[in-house]
Amino acid sequence: ETGVTQTPRHLVMGMTNKKSLKCEQHLGHNAMYWYKQSAKKPLELMFVYNFKEQTENNSVPSRFSPECPNSSHLFLHLHTLQPEDSALYLCASSQDRGVPGNTIYFGEGSWLTVV
Amino acid sequence: QKEVEQNSGPLSVPEGAIASLNCTYSDRGSQSFFWYRQYSGKSPELIMFIYSNGDKEDGRFTAQLNKASQYVSLLIRDSQPSDSATYLCAVYAGNNRKLIWGLGTSLAVNP
């Protein structure tokens, strides 16, 4: 138990579906992140929120839409995804953003399969 | 040149041996360095971090940092089969305030 909880753990969706991934952190952190992990690629940072304000969007397609209602909750809304979007999506949090030594803690991840 | 490079492995060591995992980075201004362990089908978990040149020990794990040569390594003493996992190196590049990840090294500890 890392203090970062993600649901669902597994999701299979069609290309026309709309679904959402949910993340909640119980660590009192100020920054939250969405990462994508695909085979044979380094972890890809998608979005960063600091004090519930989005501070980074790393050229992520608009079919991925983040939402951060407060510092403890983060969502990733999914719409009209492509099969190549199938991957492990990791939520993470840290005390602050952009501070050297800032340790990131990951949730258990959501395995997404787009069919 | 990749920003953070790791040998993908697999690195295979016998139980009880020392496993040595290496990571090189390109940004000389990098300030902090992290090692994460990721078991198959699981998320990455932090093992340790290091900021200063030299060694940092935590139980069976030792991180070694050499900023002049731009590498950081992780030594695992008395390797156990439960250490079999992928080890990710991450480097905080202070100039652009980003955490850059390596691809990871797969370690197999054989009983």
Side-chain angles (χ1 to χ4, degrees), chain A residues 1-10 21 23-25 27 29-50 55-59 86-113, chain B residues 1-10 23-53 56 58 61 63 65 67 72 85-106:
Chain A
E1 175 61 47
T2 64
V4 182
T5 305
Q6 284 187 244
T7 55
R9 296 293 314 282
H10 299 271
L21 306 181
C23 177
E24 181 175 1
Q25 59 97 357
L27 300 171
H29 288 166
N30 300 314
M32 296 188 77
Y33 311 78
W34 280 116
Y35 278 90
K36 176 183 178 183
Q37 189 174 37
S38 306
K40 302 191 186 303
K41 289 186 178 181
L43 278 167
E44 300 174 54
L45 180 62
M46 301 175 70
F47 302 103
V48 182
Y49 280 81
N50 202 26
T55 58
E56 273 187 62
N57 174 341
N58 287 296
S59 304
S86 299
L88 177 65
Y89 288 84
L90 293 161
C91 176
S93 72
S94 66
Q95 185 60 54
D96 293 294
R97 167 67 179 150
V99 175
N102 195 30
T103 301
I104 288 181
Y105 296 90
F106 289 92
E108 294 169 315
S110 296
W111 286 96
L112 173 66
T113 303
Chain B
Q1 180 189 7
K2 294 179 186 174
E3 294 180 86
V4 176
E5 290 207 56
Q6 296 181 256
N7 187 326
S8 62
C23 172
T24 59
Y25 59 93
S26 58
D27 185 348
R28 282 196 170 275
S30 298
Q31 301 180 29
S32 48
F33 308 84
F34 301 84
W35 284 100
Y36 283 78
R37 176 176 63 199
Q38 187 172 23
Y39 291 114
S40 180
K42 302 293 186 182
S43 62
E45 55 180 333
L46 179 71
I47 297 176
M48 62 194 308
F49 56 84
I50 186 168
Y51 309 139
S52 305
N53 271 333
K56 179 180 178 182
D58 184 0
F61 299 94
L65 175 61
K67 288 188 176 182
V72 55
T86 296
Y87 289 80
L88 303 174
C89 172
V91 175
Y92 185 84
N95 56 346
N96 60 4
R97 303 172 69 185
K98 287 185 182 291
L99 192 62
I100 310 298
W101 295 84
L103 270 170
T105 298
S106 174

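FYI, side chains are in, hydrogens and waters are out, and symmetry mates aren't considered; it's all heavy atoms of this structure.
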Would you call the rings of B:W101 and A:Y35 parallel, tilted or perpendicular, taking 30° and 60° as the class edges?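 Aromatic pair B:W101/A:Y35 classed perpendicular.
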Donor-acceptor pair, side chain of B:K67 and main chain of B:Y51, under 3.5 angstrom: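 Yes.
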Test your reading of the model: is there a side-chain donor-acceptor pair from B:T105 to the backbone of B:G9, 3.5 Å cut-off?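 Pair absent, no side-chain N/O of B:T105 close to backbone of B:G9.
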Contacting moiety of B:Y36, where chain A heavy atoms sit under 4.5 Å: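 Side chain of B:Y36 only, per the 4.5 Å heavy-atom cut-off to chain A.
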Heavy-atom distance under 4.5 Å to chain A: side chain of B:L88, backbone, both or neither?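 When you check distances to chain A, only side chain atoms of B:L88 fall under 4.5 Å.
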Which one, A:L90, A:L88, A:I104, leads in non-hydrogen pairs under 4.5 Å with chain B?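 Among A:L90, A:L88, A:I104, the one with the most close pairs to chain B is A:I104.
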Pick whichever of A:Q37, A:E44, A:Q6 has the most heavy-atom pairs under 4.5 Å with chain B.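 Sorted descending by pairs with chain B, the first entry is A:Q37.
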Ring centres of B:Y92 and B:F49 under 6.0 Å apart?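 No, too far apart.
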